[in-house]
Amino acid sequence: MRLLLRFGLRHHRRHPLQTLLTLLGIAAGVALLVAMQTAQRTAERAFDQALATVAGNATHTVTAGPDGLPVAAYAALRRELGGRSVAPSVRLVARAGSGETLGERTVLRVLGVDPLADVELRPWAAPGGGVGGALPLGELLTRAGSFVATPAVLARLGVQRGGELSLTIGGRPVRAHCLGELPAPPAVAAGLDDVLLVDVATAQEWGGRPDRVDRLDLRLDLAADRTAERERALAAVASHCGPGARIVATGSQQGGLGQLARGFRINLTALSLLSLLVGAFLVHETMRLSVVARREAFGVLRALGVTGGQLARAVVVETAVLGLLGSLLGAGLGAFAAQALLQPLVRTLNDHYATFSLQEVRYEPLVLVACVLVGALVAMAAGLAPAIAAGRVTARDVLVPARAASGERRRPWARIAVFAAFAGLATALLTTVGTRLVQGYLGTLALVLAAVVVVPPAMGVFLRAVGWLVRGSGPFVRYVVRSTAAARPHLGLPVAAMVLALGTTIGMATLVGSFRDSVAGWLAQVLPGDVFVSVPGGHDERALPFAPAIVAALQAVPGVAARTEYRRTVVSMRTAANPNEDEVDVVGVQPTVRWTTSFPLLQGDDARGRAAIANGDGAWISEPLAFRRGLRLGDVLTIRGTGGPVALPIAAIYRDYSNERGEAIVGASWLQQHLPVPVTALSFEAAPGVEVEPLAATLRAAAASADTQAVSVRVQGELRSSSLQVFDRTFAITGVMRLLCLCVAFVGIYAAFAALQLERAGEIGLLRCLGARPRQIGLVVLGQTALLGLCAGLLALPLGVLLGHVLAHVINRVSFGWTLVTVSVPWRALGEVLVLAIVAATLAGLQPAWRFARMRPAEGLREA
Amino acid sequence: MPPASVVSLRNVHKSVHEGRGSRRVLAGVDLDVAPGEAVAVLGRSGSGKSTLLNLIAGIDDVDEGSVRTCEVDVVQADERQRARLRSERLGFVFQAFHLLPTLTVAENIALPLELAGVARSVAEPRVRELLARIGLADRALAWPDVLSGGEQQRVAVARALATRPQLLLCDEPTGNLDDAASTVVLDLLHELRRAHGAALVVVTHSAATAASCDRQLQLDGGVLHGLVAKGS
């Protein structure tokens, strides 16, 4: 076995280009997997760690609507339960720095706590609870606007003890004074990587709510024999905090970022696995060619007494070695790439899921090892078929020329059966997907495998058609076409890999293009006003209210025909199907006629449904909310108001691309009655004859003169373009992946063709003997690769369109809960992909063409 | 004044690489072949016979010496000029036939004509003529792999003579054939080359093939020795 292995590994060493390309194929796939998994897990763990750190040792959390809890409730509970069992907190999002746009400034989280109450709940925030120093308690409690932060945060902000920091909180400028470092243990400091710790009074002032806190954290004894005591404590909480308060055990809260962004995460993982799949094609092809090249040697080995099993095992080990080396290389590359991917990923997460910041990747050895193992196992699986083929070589094969024996026997019925099986499986999985995203991807994989099976015979049909087209040409052109067809057994899989990569590109273009068109059309319907005013910020800042003075000033601006008020908040909601309370975004709307008639309703689009918001006798829920919770028209939402739970029937379901978790719209009057929420956004319809830009300028000036709070005033077109910018940014990551898939497929074509040309050196030498010039030899090779590229491009078109529809109607729907207004064929993308295929394949043939044009005829003849 | 030689080699030296070292196979070879003359080159396996043919055709390079083929200084010629020499003035017949498997019989014969830039209106009648001469007119559209060895070699001979070359180079043309087929191929080879006035240099182990030529040479120790000239 040792000599067998040496024989095998030397073969790969003697074909360094092929071997390198195999390694790069696996490396590219593993690199993408490592980069995506590392970046995602860094973001998720950092976010979850931050949540856990801030929650500290709390056993329960008390929240109550957008206005939070009164300080008086905290004071009463503190007297009743004891100062160490309950602690308040106020949480704000702040931005620091001098960037022109919000996105350019550093995102920070402000945590306001009562250090004296946090001794047991958050010891690191309490006096004497730190390491290496004491919390400057006196100054923190007495000096308004002062903060502490971990050394890492201070270094990043470039501020030291005694320094000042300019922040923007809720649109308002704030000056913060640095008291120095937060002396937290390293494990805790990691969860406070973007936190400014302030006294709760400072946070209340910065948040504009001096007598409210966001939540109360409780530490209750969970011992089994303390149940009665615990129940009494919870009853006291309910009594003091009112029926609008919600008490949740810490462990039962909604999952962290991984749960929030589950669809996003699965989609990115699927795309990175796709590139690994394409790399696996490469490994399969290279190993298959190496087995074909060594067929005669294998026959000799069999004649010497080596068994078929030993040969097969040797090939498996070779593949494992190559796979492991490629995976290790990929892990290294991926570790570098993770850092580059981190900020775009965090930005997308900030746009859609949660506002936080993150600076550096955290590498997890287990993740790296797992990705390396996945890469090696995928490579081994890809090499299995060639290993089996090697094991089947007999001593008799020594007498049979390798080329003649390597032609695959045609088994059309077997291929049809396999295609039918995969196509049937794909149909079954995709038509019964429900809400199971993994099933959707498995169905897509079955679809892809069905396409791969059909590529070789489709190539045959294409090449026969081309052969018919050139039947009137001279023998040289016919030779180019027919020799390409003769090489089909060698080239079927690399072309299939290229078809897969190109088809994925078309599919993604179909999805992204259709999605973009749907979003653009939807924006015009859902924001019918001419000017839209809100407080700028990311996902966690969407419910920031206006200062009352600004609302009054904006409402007084002349030249306005109608005005829509929005009051956004997060409420606790349950339904009959889901009796556990969950947090849901709710927007109270005081609509205009135009808003009511133009809003895009999918169900309940009748007079009663449309009037429900204005009348306050029904709710509209977004399509994702309906999909995720299995809700229908007529189902009842139970929302926790200040006075307790309130029921509201669902009157309509509307299209919404802004929030994949789903949200509900209710009448503003109804909302104010049950859960007072300040105005968070306004849209204005210009009066006839009033120009929109001057109106926007007037609104801007009115807001600026009324309060220091910064507001965002955008006209319709500007709002649409900034929304689409967010969209484009979100899908930028998929663009990188598409490019990498194409590169891997290109490498596959190049490797397969380079290997094939090596086998055909004899034929090339013969052509040289017959008088073919170097240029003509080059044209043979380039002609063949261009033909393959054209074939791959044409075969990719129907696959890509089909994949696009699957992505749009199934994957997109199950991931995010929404349907697209239109799914259209991206004709321009089809044309681009076809050209790209021909160019890429021709480029893949450049080096072999150059090599063979320069080859001495005698070298080729020796191979003949 | 004697006519210019079709092949003229002077003091040709050539070594071939074997593993880490090299072995000299031609050590000062001189050779002249007159127009229309048939010369057989005999020698042991590995004596350099095929190498000699490759040097004459310009598909390999000499280490030392001069090679003139069909009035072209092969040593000084660049690759384009050598390719042109091979396509317009030389014909090759190999022991293993080496027909292109993805071209029909007729197309294999037509290929050198196309490579030489001959118009189709001229090439097609030429191909038909050659097919008739080799007795395979009814197999024009057949693929090479359905032909017998003798038939394949006949096609190879026709291909080699398609462009009416001045010189025919044959490397063991009957090496893979039985006696009967060898006789047919040999007769055809001489008939066609005489009809075209082509000279012939044939490398062979076959006594019959050697005897059919005007002159026999032995390649031994890297040098050519004269054996028998017909008529002597």
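Each chain gets a letter, A, B and so on, in the order its sequence line appears, and its residues count up from 1.
At a cut-off of 3.5 Å, with distance as the only test, a side-chain donor of A/Tyr479 or A/Glu763 sits close to an acceptor on the other residue. For the residue pair B/Ser8 / B/Ser5, no side-chain donor-acceptor distance below 3.5 Å is found, with atom types taken as modelled.
Minimum heavy-atom separation, A/Ala458 to A/Leu795: CB-CD2, 3.6 Å.
With a 4.5 Å cut-off on non-hydrogen atoms, A/Ser473 touches chain B through its backbone but not through its side chain. Residue B/Ala57: no heavy atom, backbone or side chain, is found under 4.5 Å from chain A. Within the 4.5 angstrom heavy-atom criterion, atoms from both the backbone and the side chain of B/Thr104 approach chain A.
By number of non-hydrogen pairs under 4.5 angstrom with chain A, the leading residue of B/Asp61, B/Leu103, B/Leu85 is B/Leu103. For the options B/Arg82, B/Arg159, B/Arg80, heavy-atom pairs under 4.5 Å to chain A are most numerous at B/Arg159. Options A/Ala485, A/Ala772, A/Ala486 differ in how many heavy-atom pairs under 4.5 Å they form with chain B, and the most are formed by A/Ala772.
Here the side chain of B/Arg10 pairs no donor or acceptor atom with the backbone of B/Ser66 at under 3.5 angstrom.
Remark: of the listed residues A/Arg768, A/Arg854, A/Arg773, A/Arg768 is the sole one forming a side-chain hydrogen bond (donor to acceptor under 3.5 Å, both in side chains) with B/Glu79.
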